[in-house]
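All values reported here derive from a predicted model rather than from experimental measurement. Residue numbering restarts at 1 for every chain, and letters A, B, ... go by the order of the sequence lines.
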Number of protein chains: 2
Amino acid sequence: MTTQRDIARTAGVSVAVVSAVINGTAHTRMSEATRARVIQAMENLDYQPNQAARSLRLNRTGMIALILHKLDNPVYSHLLRGVYGAAAEHGGTVLLGDAEMMRSGSQFVTRLLSQGTVDGILIRDNSLFDDDVLAELRSHPKPILSLDYARDHPWVGIDDCRAGEIATRFLLNLHHRRIVFIGGATGYAFRQRYLGYQQEMQRAGLEPAPHLATGFGEQAGSDGLRQALQLAAAPTAVVVNNIMSAVGVLAAARDLGISVPDQLSVVGIHDVGLMEHLRPAVTAVRMPMYELGQAGVHALYELMAGRHCTSGIITDYEPELVVRDSATALTDA
Amino acid sequence: MTTQRDIARTAGVSVAVVSAVINGTAHTRMSEATRARVIQAMENLDYQPNQAARSLRLNRTGMIALILHKLDNPVYSHLLRGVYGAAAEHGGTVLLGDAEMMRSGSQFVTRLLSQGTVDGILIRDNSLFDDDVLAELRSHPKPILSLDYARDHPWVGIDDCRAGEIATRFLLNLHHRRIVFIGGATGYAFRQRYLGYQQEMQRAGLEPAPHLATGFGEQAGSDGLRQALQLAAAPTAVVVNNIMSAVGVLAAARDLGISVPDQLSVVGIHDVGLMEHLRPAVTAVRMPMYELGQAGVHALYELMAGRHCTSGIITDYEPELVVRDSATALTDA
DNA sequence: GTTAGGTGACGTATCGTTAATTCACCGTAG
DNA sequence: CTACGGTGAATTAACGATACGTCACCTAAC
């Protein structure tokens, strides 16, 4: 491995100068000729700074952790892109973790937290961490930022309530009145979306249906729809709190012989490529996940720089309805 | 931050003893009483070793990189689990990267390769890296293992050819004769699956259809089916080379008014949760991706230990057909 | 002619950990 | 009474990069 010492020897300067050339240290100056010689030597010897040494000296690794609920959830696809991109802007690398690995006592969490492996942590959905881990998280010195509302941490979020409103408003405009809200686990974001639904229903003078929060994933959507059909008045439309649950709703509808959108309109919250390729293609509210990732990283870097960061919902980018085929106007039957 | 020096001071010993207690160094001995005092001090002060210092000293980070094509491809879900699990067994952490980030010249790739950020690299689908990156990969000192056949690296793979055979054999047993093979990008694995299809067709005395390798993803499946229908004799069954393309095939079939499985049987290669929740639920060949991840990590650790590692297909776990609703026996029409 | 200030560069302590070397002490064998 | 081996520990030199303190040299102002 080529070190600064090798460069120094080759260029006939001291390591201090090499380091100064690399970091542009104001303190140590050098002539243009010297700088050029050093740069030449670095290129010739194919020098690459040793990260471990750098981390030790600077007490900073240039790596941030991103902890997600289910890595394979397609809604994270854009979030990941945003996070990786923004981290790269700051010259940083991203260590990706699944919340599953955050069980307290696991190698992974300890390592992240206290061993200086990362400079900061971005987490999505606090509700997933058990109390021990949360305590550990709070006690350790590196900044943490939540990508969802958090009572005890700095956070950045997207307007989940608005997403619920948009989906509901769309269905109301299509003359639906019996609209139910299906799916969603314990997270704050999930509840916010229901809140948006609730508000919009009340604004229209309608009674919101209870939250059929049957959980997360395809099965939850299927269960939710079956429960919805037990209600006194069967719904003509559903808002689905989650992209994978939307798949479950479509499956259950098919299994029960309910035609979508003719007999049941479906609007999903969150949009991914899959929604376009299901049949019927699913009308969904696109959430600005890419932008959330970006904003989260920038805010985290603020924190890591010791500066203040204002928590809140990002307002530059709003949830946006993508109209496809799974919802249609209610015709008087 | 608590360091070994703090422990040493508290326990009234030297740092050498602390290090020896931690690492069990044979060279430096100590009495049981001393060891106990050191351990007590470590607990009291909540000592966590500094990874940067460790990495610098040992020239080893305990981190391996896993580079995938599309992170959000659900088939990686089980692979990830296998990799993370096996890495944890070795006390390691996984740095996850998308091949997109492997564009040569990017921060990420350089960092991985030469700056000692990781001890080894696991890559899936070599075809994704451009020549510059591959050259860099080969020139750098850390071991690399491919999770797919590779001419120039050690590799571990799954039996993709067998998967093609299984899918085709299943359809043949259902009396299908006009079977086409759809989708797949440039990877070796994709071609192997077609090869399996080809072999099985020939074994049945049938002429294999040309490989409708329209690419990767939902759109590819849709395009592939449309192309298949242009063939002289329309197919009664398709093998789909890729899970997302299967979604596209179903969508195109629906759009074209072709009923699955009544008019067209579909078998997918690779299985993910989604397949169960599509309608019709997709019959698919489950690939041992979890086991591939495990085997890859173990082989990589062999390489990192300077030992030899035999490249090849893992045989302990075979591709396995999961029968659902998208394929049915051909009845004489 | 002396000195103040600027320029260009060097030497070295430091980060926390590991491991090779050295050392002090004690009991015992010769 | 001395030499010796074993035990339990301390000292210290790396690992590579960074930044502070220092210094030699040159020019120009007084």
Side-chain angles (χ1 to χ4, degrees), chain A residues 1-39 41-42 45-63 91 110-111 114-117 119 141-142, chain B residues 1-39 41-42 45-63 91 110-111 114-117 119 141-142:
Chain A
M1 191 210 291
T2 311
T3 71
Q4 289 191 353
R5 247 183 68 185
D6 302 325
I7 308 298
R9 239 193 315 258
T10 306
V13 297
S14 75
V15 288
V17 175
V18 177
S19 178
V21 167
I22 295 167
N23 300 292
T25 313
H27 188 82
T28 299
R29 298 168 307 255
M30 80 275 330
S31 64
E32 263 317 309
T34 305
R35 173 196 303 277
R37 239 181 324 131
V38 170
I39 290 175
M42 293 201 298
L45 300 183
D46 193 27
Y47 169 74
Q48 292 293 344
N50 180 302
Q51 282 306 322
R54 227 155 182 277
S55 303
L56 176 59
R57 184 66 234 252
L58 299 175
N59 195 27
R60 164 160 60 80
T61 62
M63 198 142 42
T110 320
R111 198 148 175 174
S114 321
Q115 305 190 356
T117 303
D119 299 337
K142 303 290 171 72
Chain B
M1 192 208 289
T2 311
T3 73
Q4 289 189 356
R5 247 182 68 184
D6 302 326
I7 308 297
R9 238 191 319 256
T10 306
V13 297
S14 74
V15 288
V17 175
V18 178
S19 178
V21 167
I22 294 168
N23 300 292
T25 312
H27 198 84
T28 298
R29 300 170 307 256
M30 80 263 350
S31 64
E32 263 316 311
T34 305
R35 173 196 302 279
R37 239 181 324 132
V38 170
I39 290 176
M42 292 200 301
L45 300 183
D46 192 27
Y47 170 74
Q48 292 293 343
N50 179 302
Q51 281 306 323
R54 222 152 189 278
S55 302
L56 176 59
R57 184 66 233 251
L58 298 175
N59 195 28
R60 166 161 58 80
T61 62
M63 196 141 46
T110 321
R111 199 150 176 175
S114 323
Q115 305 190 354
T117 304
D119 299 336
K142 303 291 171 71

Exercise for review: Might you point out which heavy atoms bring B:Tyr47 and B:Thr2 nearest each other, and give the distance in Å?
Suggested key: CD1-O, 3.5 Å
Exercise for review: Check B:Met30 against B:Ala20 and note the closest heavy-atom contact, atom names and distance.
Suggested key: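 Reported closest heavy-atom pair: CE-CB, 3.8 Å.
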Tell me: [atom1] of [X] to [atom2] of [N], nearest whole Å?
X	N	atom1	atom2	value
A:Leu56	D:dA17	CG	P	12 Å
B:Arg5	D:dT12	CZ	C1'	14 Å
A:His27	C:dG11	NE2	C1'	12 Å
B:Arg60	C:dT17	CZ	P	15 Å
B:Glu32	D:dT7	CD	C1'	14 Å
B:Gln115	D:dA17	CD	C1'	12 Å
B:Asn50	D:dC15	CG	C1'	13 Å
B:Gln51	C:dT17	CD	P	10 Å

Counting any heavy atom closer than 4.0 Å, what does [X] reach on the DNA or RNA strands: base, sugar-phosphate only, or nothing?
X	answer
B:Gly116	nothing
B:Ser55	nothing
B:Ile22	nothing
A:Val13	sugar-phosphate
A:Asn59	nothing

[X], nearest nucleotide to its side chain (from [options]):
X	options	value
A:Ala16	C:dC15, D:dA10, C:dC10	C:dC10
A:Ser31	C:dA9, C:dT17, C:dA19	C:dA9
A:Gln4	D:dA17, D:dA9, C:dA9	D:dA17
A:Met30	D:dG16, C:dA9, D:dC15	C:dA9
B:Val15	D:dA17, D:dT12, C:dG16	D:dT12
B:Met1	D:dT22, D:dA9, C:dG16	C:dG16

**Study point:** Residue A:Arg60 excluded, over 12 heavy atoms near CZ under 6.0 Å
**Key:**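 Counting other residues, nucleotides and ligands, CZ of A:Arg60 stays at 12 neighbours or fewer.
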Review point. If you round to the nearest 0.5 Å, how far is CD1 of A:Ile7 from CG of A:Leu45?
Key: 4.5 Å
Practice item. Ignoring backbone atoms, establish whether A:Ser14 has a side-chain N or O less than 4.0 Å from OP1 or OP2 of C:dC10. Key: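 The answer is yes; a side-chain N or O of A:Ser14 sits under 4.0 Å from OP1 or OP2.
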Check your understanding: Given C:dG8, is OP1 or OP2 found less than 4.0 Å from the side-chain N or O atoms of A:Thr28?
Key -> no
Review point. Is any side-chain heavy atom of B:Met63 closer than 4.5 Å to a side-chain heavy atom of A:Met63?
Key: yes
Review point. Between A:Thr10 and A:Asp6, is there a donor-acceptor pair closer than 3.5 Å when you use the side chain of the first and the backbone of the second?
Key: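 Pair found, side chain donor or acceptor close to backbone of A:Asp6.
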Check your understanding: Closest nucleotide of DNA chain D for B:Arg29 versus for A:Arg54: which of these residues is on the 5' side?
Key -> B:Arg29
